[in-house]
Protein chains: 2
Amino acid sequence: MTHQTVGHRHTTSPGLPDDPRAAVTVPTPSCPVEITLAALRGRWTTLVIRELLQGGRTFTELRQALPALSDKVLSDRLAQLAEAGVVDRRREPGWPSRTHYGLTPHGRRLGPVLQALWDWGARPS
Amino acid sequence: MTHQTVGHRHTTSPGLPDDPRAAVTVPTPSCPVEITLAALRGRWTTLVIRELLQGGRTFTELRQALPALSDKVLSDRLAQLAEAGVVDRRREPGWPSRTHYGLTPHGRRLGPVLQALWDWGARPS
DNA sequence: CAGCATCCATTCAGATACTG
DNA sequence: CAGTATCTGAATGGATGCTG
């Protein structure tokens, strides 16, 4: 996100930092807010993160926790989250094959972000 | 967002509140996290909010601040944000007609949410 | 088991053109 | 000025079926 880079920041755009990326006039992938929203984008994404905040899970365990989520979309989400540096994928050797997913330290830091989203949505307007 | 409702909450899902809505297994519109993400959803939305965090704006002022944003999408976004209780629309009488948009108190509370999104995205993974 | 390939329906953004 | 109506192309989600 963003705001003007001059003047009395805290009076015009409370809480937003003074950063060049804060002055864009077009949605820009390098904007920190866009980066975070891209990581959270898509149906099911926050539910997958919620599961992983409770501890590591295998592909099948995630499917069991979220039965209505198709494996195609689960696969998409995990790839997206791995790409964003949120989850760590560990393919365990042997048969049947098993892949273990867990949050990275960066992923665990999404906890407060989800909390902020929860807090706003939980409060009556 | 959500997490289990039993056990040692803060060790399994740090920061997420103990609420029935925290146990859903399907993306649910009444989940507070979904509510917030729905308000922020769509290209340009956070940039429009950024503009309004700096003060009220008319339709034309918003278009000037975000020149690459088409008036159709701007109109869509403002309707979505009004629906979400984020912005307040005041049609000023007279000619030429003029509509003034400003954040509601609830909308202003998105400041910390955007800050949390910024902070996570600004931090190296 | 994990997960990709394919296909289909729906949603969304942007462009263009038109009104109160 | 401040929108709405319509259309097109792109992206997304879900279902089904197939492999390492």
Side-chain angles (χ1 to χ4, degrees), chain A residues 24-29 31 33-35 37-49 51-52 56-84 86-102, chain B residues 24-29 31 33-34 37-49 51-52 56-84 87-102:
Chain A
V24 295
T25 60
V26 163
T28 306
C31 170
V33 169
E34 295 292 331
I35 289 171
L37 289 176
L40 300 178
R41 174 129 40 231
R43 210 152 116 87
W44 297 98
T45 306
T46 57
L47 291 177
V48 171
I49 296 171
E51 288 306 313
L52 295 177
R57 295 280 189 277
T58 65
F59 194 87
T60 299
E61 286 170 344
L62 287 168
R63 259 205 310 218
Q64 287 168 346
L66 304 169
L69 169 57
S70 75
D71 56 354
K72 184 256 204 181
V73 174
L74 176 54
S75 192
D76 288 352
R77 291 297 168 264
L78 290 169
Q80 160 192 341
L81 291 170
E83 178 69 23
V86 170
V87 313
D88 176 42
R89 166 193 257 126
R90 278 196 311 276
R91 187 165 270 117
E92 279 156 21
W95 185 269
S97 90
R98 212 161 260 277
T99 308
H100 189 266
Y101 293 90
Chain B
V24 296
T25 62
V26 163
T28 306
C31 169
V33 170
E34 294 293 330
L37 289 177
L40 299 179
R41 175 132 36 234
R43 212 154 115 86
W44 297 99
T45 307
T46 57
L47 291 177
V48 171
I49 295 170
E51 287 307 311
L52 295 176
R57 296 279 189 279
T58 64
F59 194 87
T60 299
E61 287 170 342
L62 287 169
R63 259 206 310 218
Q64 288 168 345
L66 304 169
L69 169 57
S70 76
D71 56 353
K72 184 257 202 182
V73 174
L74 176 53
S75 191
D76 288 351
R77 291 298 168 265
L78 290 168
Q80 161 193 341
L81 291 170
E83 178 69 21
V87 313
D88 176 43
R89 166 192 258 127
R90 281 197 308 277
R91 186 165 271 119
E92 279 156 22
W95 186 269
S97 89
R98 209 163 262 274
T99 309
H100 189 264
Y101 292 91

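Computed over heavy atoms, backbone and side chain alike; hydrogens, waters and symmetry mates excluded. Numbers restart at 1 for each chain; the letters A, B, ... are given by sequence-line order, proteins then strands. None of these values were measured; they are calculated from a predicted model.
- Distance, A:Phe59 CZ to D:dG20 C1': 14 Å, rounded to whole Å.
- An OP1 or OP2 oxygen of D:dT4 is reached within less than 4.0 angstrom by a side-chain nitrogen or oxygen of B:Ser75.
- Taking atom CG of residue A:Leu66 and atom P of nucleotide D:dG13, one finds them 15 Å apart after rounding to whole Å.
- At a threshold of 4.0 angstrom between heavy atoms, the contacts of A:Arg89 are confined to the sugar-phosphate backbone, with no base atom among them.
- For B:Lys72 and D:dA5, a side-chain-to-base donor-acceptor distance below 3.5 Å is absent, hydrogens and geometry of angles not being considered.
- Residue B:Tyr101 places none of its side-chain N or O atoms closer than 4.0 Å to OP1 or OP2 of D:dC1.
- Spacing between atom CG of B:Leu37 and atom P of D:dT12 amounts to 15 Å, rounded to whole angstrom units.
- Spacing between atom CG of B:Leu69 and atom P of C:dA15 amounts to 10 Å, rounded to whole angstrom units.
- Comparing A:Thr58 and B:Gly42, the nucleotide of DNA chain C nearest to each residue sits closer to the 5' end for A:Thr58.
- The phosphate of C:dG14 (OP1 or OP2) has a side-chain N or O of B:Trp44 nearer than 4.0 angstrom.
- The nucleotide whose nearest atom lies closest to any side-chain atom of B:Trp95 is, among D:dG13, C:dG20, D:dA15, C:dG20.
- Regarding contacts with the backbone of C:dT11, every side-chain N or O of A:Arg43 stays at 4.0 angstrom or more from both OP1 and OP2.
- The CG atom of B:Asp76 sits 10.0 Å away from atom CG of B:Asp71, with the distance rounded to the nearest 0.5 Å.
- Distances were taken from every side-chain heavy atom of B:Thr60 (C-beta onward) to each of D:dC1, C:dC4, D:dT4; the shortest belongs to D:dC1.
- Distance check: A:Leu40 CG to A:Leu81 CG gives 8.0 Å after rounding to the nearest 0.5 Å.
- At the heavy-atom level, B:Arg77 lies under 4.0 Å from the strands shown only through sugar-phosphate atoms.
- Within the 3.5 Å criterion, the main-chain N or O of B:Ala39 finds a donor-acceptor partner in the side chain of B:Gln80.
- If you check C:dG3, D:dC1, C:dC1 against the side chain of A:Arg91, the one that comes closest is C:dG3.
- To the nearest 0.5 Å, the span separating CG on A:Leu69 from OG1 on B:Thr25 amounts to 10.0 Å.
- Rounded to whole angstrom, the span from the CD atom of B:Gln80 across to the C1' atom of D:dG3 amounts to 17 Å.
- Residue A:Tyr101 is tested with A:Arg90, A:Glu51, A:Arg89, A:Glu61 for a side-chain hydrogen bond (donor to acceptor under 3.5 Å, both in side chains); the sole match is A:Arg89.
- Atom CG of A:Leu78 is separated from atom CG of A:Leu52 by 7.0 Å, given to the nearest 0.5 angstrom.
- The side chain of B:Asp71 has D:dT4 as its nearest neighbour among D:dT4, C:dG14, C:dG20.
- The residue among A:Asp76 and B:Arg63 whose nearest nucleotide of DNA chain D lies closer to the 5′ end is B:Arg63.
- In this structure, CZ of A:Arg98 is placed 12 Å from P of C:dG3, rounded to the nearest angstrom.
- Rounded to an integer number of Å, the gap from B:Leu74 CG to C:dC12 C1' is 16 Å.
- If you check every strand for non-hydrogen atoms under 4.0 Å, A:Thr99 touches sugar and phosphate atoms only.
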